[in-house]
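What follows is a single structure, written as structure tokens, with notes after it.
Because the structure is a prediction, the values reported are computed rather than measured. Just the heavy atoms: all of them, side chains too, but no hydrogens, waters or symmetry mates, feed the values below.
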Amino acid sequence: MKKIFDIPGFTYFAEKNKYTGSVDNVFNYKIITGDKLEIIVWKGKFCLDKTPENDIIDKAEFELTPDGLDAMKEWLRQKHDDFFKE
């Protein structure tokens, strides 16, 4: 299976780091850590701060655990597949 995302391991997020990535500069995501893993997915060529609300595809929260990170990666993969299927 082709690797689409290069998301760091759980330790990176356990330290409350943020992470941003994109696929083909049109499908973007940002992972924010606090008490949970929050992920925001948007379309377009702009950073999240410059993106209109109607270009945000979806948002979700997951537990800040290794299993939560795995669930978030699966959720992100599904959003990616849905986006590029259109």
Side-chain angles (χ1 to χ4, degrees):
M1 180 180 290
K2 178 183 166 192
K3 185 174 183 178
I4 300 170
F5 307 107
D6 193 20
I7 295 174
F10 176 72
T11 305
Y12 179 88
F13 296 106
E15 295 296 323
K16 309 290 188 199
N17 293 306
K18 298 176 185 175
Y19 188 79
T20 305
S22 70
V23 176
D24 297 335
N25 291 320
V26 293
F27 178 86
N28 310 289
Y29 57 96
K30 184 172 190 173
I31 303 166
I32 303 163
T33 53
D35 294 333
K36 295 190 176 267
L37 288 167
E38 178 185 357
I39 184 165
I40 304 167
V41 177
W42 71 97
K43 63 182 178 180
K45 60 183 179 176
F46 299 113
C47 69
L48 181 58
D49 291 342
K50 300 290 184 184
T51 297
E53 187 68 31
N54 62 331
D55 284 344
I56 293 177
I57 297 169
D58 208 348
K59 301 177 184 180
E61 287 187 348
F62 298 88
E63 293 297 319
L64 184 57
T65 63
D67 288 342
L69 180 60
D70 289 342
M72 186 206 65
K73 288 177 181 179
E74 182 56 38
W75 180 89
L76 182 59
R77 177 174 288 284
Q78 186 60 53
K79 294 297 173 185
H80 169 272
D81 291 350
D82 292 347
F83 180 82
F84 283 101
K85 182 170 47 175
E86 296 175 358

Would you give the length of the straight line joining atom OG1 of Thr51 to atom CZ of Phe46, rounded to the nearest 0.5 angstrom?
7.5 Å
Output side-chain donor-acceptor pairs under 3.5 Å for residues 11-21, partner residues at least two apart or in another chain, one line each.
residue	atom	partner	partner atom	Å
Tyr12	OH	Lys18	O	2.7
Lys16	NZ	Gly34	O	2.6
Asn17	ND2	Tyr12	O	2.8
Tyr19	OH	Asp6	O	2.7

Go through Asp81 and Arg77 one step at a time and tell me if the side chain to side chain contact (heavy atoms under 4.5 Å, CB included) criterion holds.
CA-CA 6 Å; Asp81 291 350; Arg77 177 174 288 284; 3.9 Å; yes
Give the intermediate values and the outcome of side chain to side chain contact (heavy atoms under 4.5 Å, CB included) for residues Asp55 and Lys43.
CA-CA 6 Å; Asp55 284 344; Lys43 63 182 178 180; 3.3 Å; yes
Rounded to the nearest 0.5 Å, how far does OG1 of Thr65 lie from CZ of Phe10?
6.0 Å
Are Trp75 and Lys79 side-chain neighbours, meaning at least one heavy-atom pair lies under 4.5 Å?
yes
I want to check something: taking the side chain as every heavy atom from C-beta on, are Lys45 and Asn25 in contact at a cut-off of under 4.5 Å?
no
So do Leu76 and Ile31 actually touch side chain to side chain, heavy atoms under 4.5 Å?
no
If hydrophobic clusters are built by linking Ile, Leu, Val, Met, Phe, Trp and Tyr wherever their side-chain heavy atoms come under 4.5 Å apart, do Trp42 and Phe83 end up in the same one?
no
Hits for ring-ring contact (aromatic ring centres under 6.0 Å, His included) against Tyr29, two or more places apart or cross-chain, chain-then-number order -> Phe5
Once the angle between the rings of Phe84 and Phe27 is folded into 0 to 90°, is it parallel (under 30°), tilted (30 to 60°) or perpendicular (over 60°)?
tilted
Closer than 3.5 angstrom, by distance alone: can the side chain of Asn28 be matched with the main-chain N or O of Gly44 as a donor-acceptor pair?
yes
Any heavy-atom pair between the side chains of Ile32 and Ile40 that's under 4.5 Å?
yes
For the CD atom of Glu61 and the CG atom of Asp35, what is their distance to the nearest 0.5 Å?
9.5 Å
Would you mind reporting whether Ile56 and Leu48 have side-chain heavy atoms less than 4.5 Å apart?
yes
CG of Leu37 to CE of Met72, rounded to nearest 0.5 Å, is 6.0 Å
